[in-house]
Amino acid sequence: MSYQSCTLEGIYVLRWGKTPEVGDVNKYANEIAAARAHQGRTLVGLIIMPEDSEAPGSAFRKAQAERLTEIMGNLRYAVCVFEGEGFLSSLKRSALVGILLLSGKRYPVHVRASVQEALVTKPAEPTDFNVPLVLAELKRRNLF
């Protein structure tokens with residue numbers, strides 16, 4: 001598994017490792033579905049791409065696009081955090097655009113530069129979860 005994840009009240013958080021793996025798409029899609037079923041409501045998805053992570057390959061992008069309708073059906077919206085700057089960060093954002101285009105549908109996906117920006121200074125929508133508690137728990141788990 002090339003990622004770490006956790007589910008908190010109202011939010012599913014996934015932090016990528018060095019190289020996204022194709023097999024992980026099914027794993028986290030199932031985690032998101034289980035979290036939604038357990039909480040009885042759609043969640044906010046927070047996806048973090050660390051500065052040193054690689055852009056996903058074409059097989060990963062295709063697998064992600066195939067499951068995107070199901071994944072986004074369990075999320076109110078997703079926020080993709082691309083940590084870092086420069087060419088690699090741009091390449092990762094381009095991969096996200098490619099995934100969204102392959103899916104053939106429009107989804108509420110927002111891009112931010114940091115977790116702080118995603119949850120505190122520029123949230124995509126008003127949150128219905130305790131942001132300070134979420135931030136503290138994510139720090140405790142070394143997810144940001």
Side-chain angles (χ1 to χ4, degrees), residues 1-131 133-135 137-138 141-144:
M1 190 163 66
S2 60
Y3 68 90
Q4 296 174 286
S5 64
C6 71
T7 303
L8 304 170
E9 189 62 37
I11 187 169
Y12 173 85
V13 181
L14 183 147
R15 181 177 179 86
W16 283 109
K18 180 73 172 160
T19 306
E21 298 174 7
V22 174
D24 290 337
V25 174
N26 288 330
K27 291 176 189 168
Y28 67 74
N30 292 338
E31 289 175 0
I32 293 168
R36 180 198 180 170
H38 178 75
Q39 293 190 26
R41 63 181 175 148
T42 56
L43 307 173
V44 170
L46 179 64
I47 314 304
I48 306 166
M49 291 289 292
E51 187 171 10
D52 65 345
S53 66
E54 298 173 3
S58 61
F60 177 93
R61 291 192 305 265
K62 182 179 177 190
Q64 174 74 28
E66 289 172 356
R67 298 283 310 260
L68 202 55
T69 298
E70 176 190 345
I71 290 167
M72 292 306 296
N74 291 310
L75 300 175
R76 282 195 350 246
Y77 64 91
V79 180
C80 296
V81 173
F82 294 95
E83 298 177 335
E85 298 177 0
F87 178 74
L88 189 53
S89 185
S90 295
L91 188 61
K92 291 181 234 179
R93 283 193 297 275
S94 294
L96 172 62
V97 170
I99 291 166
L100 295 172
L101 288 173
L102 278 173
S103 73
K105 293 181 82 177
R106 289 184 56 123
Y107 295 104
V109 176
H110 309 275
V111 174
R112 300 292 187 263
S114 70
V115 171
Q116 186 76 14
E117 185 178 286
L119 297 180
V120 179
T121 61
K122 290 185 182 178
E125 295 180 14
T127 57
D128 63 350
F129 50 84
N130 185 322
V131 172
L133 185 66
V134 167
L135 291 172
E137 185 61 20
L138 295 179
R141 295 179 188 217
N142 293 317
L143 292 175
F144 95 102

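Just so it is clear, the model here is predicted, and its values are computed rather than measured.
Nearest heavy-atom pair across R36 and G73 is NH1-O, 2.8 Å. In this structure, K27 and Y3 approach most closely via the heavy-atom pair CB-OH, 3.3 Å.
Of the possible donor and acceptor atoms, none in the side chain of R112 sits under 3.5 Å from a partner among the backbone N and O of V79. A donor-acceptor pair under 3.5 Å is absent between the side-chain atoms of S2 and the main chain of G17, judged by distance alone. In terms of modelled atom types and a separation under 3.5 Å, the side chain of R76 and the main chain of G10 share no donor-acceptor contact. Not a single donor-acceptor pair under 3.5 Å links the side chain of E9 to the backbone N or O of V134.
Side chains of L43 and I11 form no contact here, defined as non-hydrogen atoms less than 4.5 Å apart. Between V13 and E137 there is no side-chain heavy-atom pair separated by less than 4.5 Å.
Atom CG of D24 is separated from atom CZ of F60 by 7.0 Å, given to the nearest 0.5 angstrom. T42 OG1 to I32 CD1: the interatomic distance, rounded to the nearest 0.5 Å, is 12.0 Å. Interatomic distance, CZ of F144 versus CD1 of I48, reported as 8.0 Å (0.5 Å rounding). Atom CZ of R15 sits about 13.0 Å away from atom OG of S5, to the nearest 0.5 Å. Note: E70 CD to N30 CG = 6.5 Å, rounded to the nearest 0.5 Å. Considering CD of Q4 and CH2 of W16, their distance stands at 12.0 Å, rounded to 0.5 Å.
Among L46, I47, L143, the single residue meeting the side-chain contact (heavy atoms from CB on, under 4.5 Å) criterion with L14 is I47.
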